[in-house]
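Worksheet for the structure shown next.
Computed from heavy atoms alone, side chains included, the values below leave out hydrogens, waters and symmetry copies.
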Amino acid sequence: MDSLANIQKLSGPGIYSTTISRHNLKEIYISVYPNAGEQFPAMIDRLAHSLKTQNAEIVKFDVFGPLSESGAFIKYLENAFGRINWPVTWVEGNRYPGSGIAGIQVHAVSGVKVETIFLDAKPAARVFEDNLAKYCFIGNVNPDVSSVPRSEQARQTLEKLEKTLGLAGMKVSNIVRTWFYNADIVQWYAEFNAARTGFFKQKAIFGGLLPASTGIGGNNPAHSALIAGAVSIQTKQKNVIIREVLSPLQDPASAYGSLFSRAVEIVMPDHRCVLVSGTASIDISGKTAHIDDIDAQIAFTMKVVGAILASRKMGFSDITRSIVYLKRAKDIAAFNNYCQDHEKTGFPMIVLCADICRDDLLFEIEVDAISRSI
């Protein structure tokens with residue numbers, strides 16, 4: 001029997017990392033937050049030090065902050081790391097309290113060879129593999145033309161995801177997780193869903209796995225209607241299982257026209273990973289629950305996420321990465337109070353202001369969780 005993975009968690013001022021060691025491969029999840037009064041150079045330096053100590057290469061890099069800081073941020077990033085050969089996905093979002101970079105999330109690896117996939121002369125994905133699977137992390141995917149209707153921009157973005165996967169020797173059916181950050185999301189979420197549905201029907205993935213996903217509001221440096229990212233896994237062994245996880249407290253999102261899984265579980269011989277989609281206060285019928293009540297929306301949403309994790313014998317202590325989206329800046333107090341009252345303060349999270357896909361939704365959270373195999 002394969003030996004179980006070793007999972008190590010480390011936290012310090014402004015940083016939280018989880019390292020999963022298995023065979024010759026290490027995977028590192030890092031969340032970097034601003035300390036009080038701190039600007040982004042200190043955050044980048046902290047990240048660079050963490051990666052250097054583990055001799056790790058970046059495969060996924062997401063940063064949440066004002067567009068006005070993106071140019072200076074990238075320049076400093078180049079000074080710290082040299083040539084940037086990975087996609088940087090920049091989503092506008094302010095931290096709490098005040099303004100500035102909300103946080104940086106990185107997935108890195110060591111012990112394996114990492115390849116960069118270029119599309120239109122820009123880094124579009126990073127690929128690595130072990131004896132169990134091939135892994136592809138795609139980021140910073142925008143439509144080719146931002147002057148066309150938003151539904152056409154969505155189609156172009158999905159096609160670029162597919163093209164990038166093709167360059168990696170993979171297919172749309174290999175996608176396990178997607179992110180779509182849509183400008184003015186409330187205004188055109190129905191159009192976006194229609195474009196995604198049409199694309200998935202064309203690729204005939206309904207008989208297979210629908211990926212976990214987040215669809216949230218957010219502007220991007222290209223000023224396009226959306227920016228996207230994805231994770232794909234192509235299995236090599238029969239003992240690697242990728243499957244949908246149903247939500248005990250909600251119906252499948254496909255029941256009301258959104259084509260994604262509530263969560264996806266990746267079962268390896270030595271560890272398990274659960275990817276929980278962006279989750280909000282939506283009841284079992286698909287309607288918004290607790291309209292105009294931020295405390296109730298937070299409590300209900302966290303209960304839903306907790307039930308998904310519990311169904312896979314996991315809990316909040318197993319979370320390796322999370323993002324909290326609040327429609328209104330003032331509601332950070334309500335979320336902090338909930339976490340304190342329910343002892344949910346020990347996992348990594350980035351909190352930012354963003355529109356949710358419905359105007360009456362005030363709160364959303366996405367999480368990844370990892371544990372050793374049962």
Side-chain angles (χ1 to χ4, degrees), residues 64 91-94 96 102 149-151 153-154 157-158 177-200 210-220 224-229 246-263 275-308 322-332 334-335 338 349-367:
F64 304 90
V91 181
E92 187 166 56
N94 291 333
Y96 299 91
R150 289 176 294 202
S151 58
Q153 292 187 54
T157 300
L158 290 162
R177 183 71 165 85
T178 58
W179 292 265
F180 298 99
Y181 301 100
N182 297 13
D184 301 317
I185 189 169
V186 175
Q187 296 180 20
W188 72 290
Y189 191 59
E191 294 175 61
F192 167 76
N193 271 327
R196 177 169 56 178
T197 299
F199 180 79
F200 281 175
L210 289 173
S213 189
T214 295
I216 203 76
N219 297 319
N220 61 81
S224 57
L226 74 166
I227 188 171
L246 299 177
S247 171
L249 302 178
Q250 295 174 319
D251 273 350
S254 57
Y256 57 85
S258 291
L259 289 190
F260 63 89
S261 294
R262 295 293 185 193
L275 312 174
V276 180
S277 294
T279 303
S281 184
I282 296 174
D283 66 20
I284 200 165
S285 68
K287 296 180 180 179
T288 299
H290 310 295
I291 292 175
D292 295 329
D293 188 338
I294 182 60
D295 294 311
Q297 286 201 18
I298 291 170
F300 181 81
T301 303
M302 297 295 276
K303 182 178 180 181
V304 169
V305 171
I308 292 172
S322 70
I323 305 178
V324 169
Y325 305 98
L326 289 163
K327 181 178 179 179
R328 306 178 305 201
K330 67 178 183 179
D331 290 333
I332 184 61
F335 178 67
Y338 173 87
M349 69 177 80
I350 289 175
V351 183
L352 63 139
C353 188
D355 284 334
I356 319 298
C357 63
R358 299 181 187 179
D359 198 40
D360 54 10
L361 288 172
L362 306 175
F363 173 84
E364 183 167 321
I365 185 172
E366 62 176 77
V367 310

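Considering only residues two or more places apart in sequence or on other chains, Asp360 meets the side-chain hydrogen bond (donor to acceptor under 3.5 Å, both in side chains) condition with Thr288. Every residue two or more places apart in sequence or in another chain was checked for a salt bridge (charged side-chain N to carboxylate O under 4.0 Å, His left out) with Glu364, and none qualifies. By the salt bridge (charged side-chain N to carboxylate O under 4.0 Å, His left out) test, Asp331 pairs with Arg328, sequence neighbours left out. Asp251 pairs by the salt bridge (charged side-chain N to carboxylate O under 4.0 Å, His left out) definition with nothing, not counting sequence neighbours. By the salt bridge (charged side-chain N to carboxylate O under 4.0 Å, His left out) test, Arg177 is found to be paired with Glu366, residues two or more places apart in sequence or in another chain being considered. When the ring-ring contact (aromatic ring centres under 6.0 Å, His included) test is applied to Phe260, no partner is found at least two apart in sequence or on another chain. For Ala190, the side chain to side chain contact (heavy atoms under 4.5 Å, CB included) test picks out no residue, with sequence neighbours left out. Remark: Asp355 pairs with Ile185, Lys327 by the side chain to side chain contact (heavy atoms under 4.5 Å, CB included) rule, at least two apart or across chains. With sequence neighbours left out, the side chain to side chain contact (heavy atoms under 4.5 Å, CB included) criterion links Ala225 to Arg150, Gln153, Trp188. Under the rule for a ring-ring contact (aromatic ring centres under 6.0 Å, His included), Tyr325 has no partner lying at least two apart in sequence or in another chain. Not counting sequence neighbours, the partners of Ala195 by the side chain to side chain contact (heavy atoms under 4.5 Å, CB included) test are Ala154. Partners of Tyr189 according to the ring-ring contact (aromatic ring centres under 6.0 Å, His included) rule, which considers only residues two or more places apart in sequence or in another chain, do not exist here.
The CE atom of Met302 sits 4.5 Å away from atom CD1 of Ile365, with the distance rounded to the nearest 0.5 Å. Taken to the nearest 0.5 Å, the CG atom of Leu158 stands 6.5 Å off from the CZ atom of Phe200. One distance of note links CD1 of Ile227 with CG of Asn219; it measures 10.5 Å at 0.5 Å rounding. Considering CD1 of Ile332 and CG of Leu326, their distance stands at 5.5 Å, rounded to 0.5 Å.
Thr214 places a side-chain N or O within donor-acceptor distance of the main-chain N or O of Gly278, the cut-off being under 3.5 Å. Judged by distance alone, the side chain of Ser261 and the main-chain N or O of Ala212 form no donor-acceptor pair under 3.5 Å.
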Worksheet item: For Thr279 and Arg262, what are the C-alpha separation, side-chain angles and deciding distance, and is it a side chain to side chain contact (heavy atoms under 4.5 Å, CB included)?
Response: CA-CA 8 Å; Thr279 303; Arg262 295 293 185 193; over 6 Å; no
Discussion item. Side chain to side chain contact (heavy atoms under 4.5 Å, CB included), that's the test. Do Ile216 and Ile356 meet it? Break it down for me.
Written reply: CA-CA 5 Å; Ile216 203 76; Ile356 319 298; 3.7 Å; yes
Discussion item. Test side chain to side chain contact (heavy atoms under 4.5 Å, CB included) on Ile294 and Phe363; report intermediate values, then the result.
Written reply: CA-CA 7 Å; Ile294 182 60; Phe363 173 84; 4.1 Å; yes
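Val276 approaches Ala263 most closely through the heavy-atom pair CA-CB, 4.0 Å.
Between Arg358 and Ile282, some side-chain heavy-atom pair lies under the 4.5 Å cut-off.
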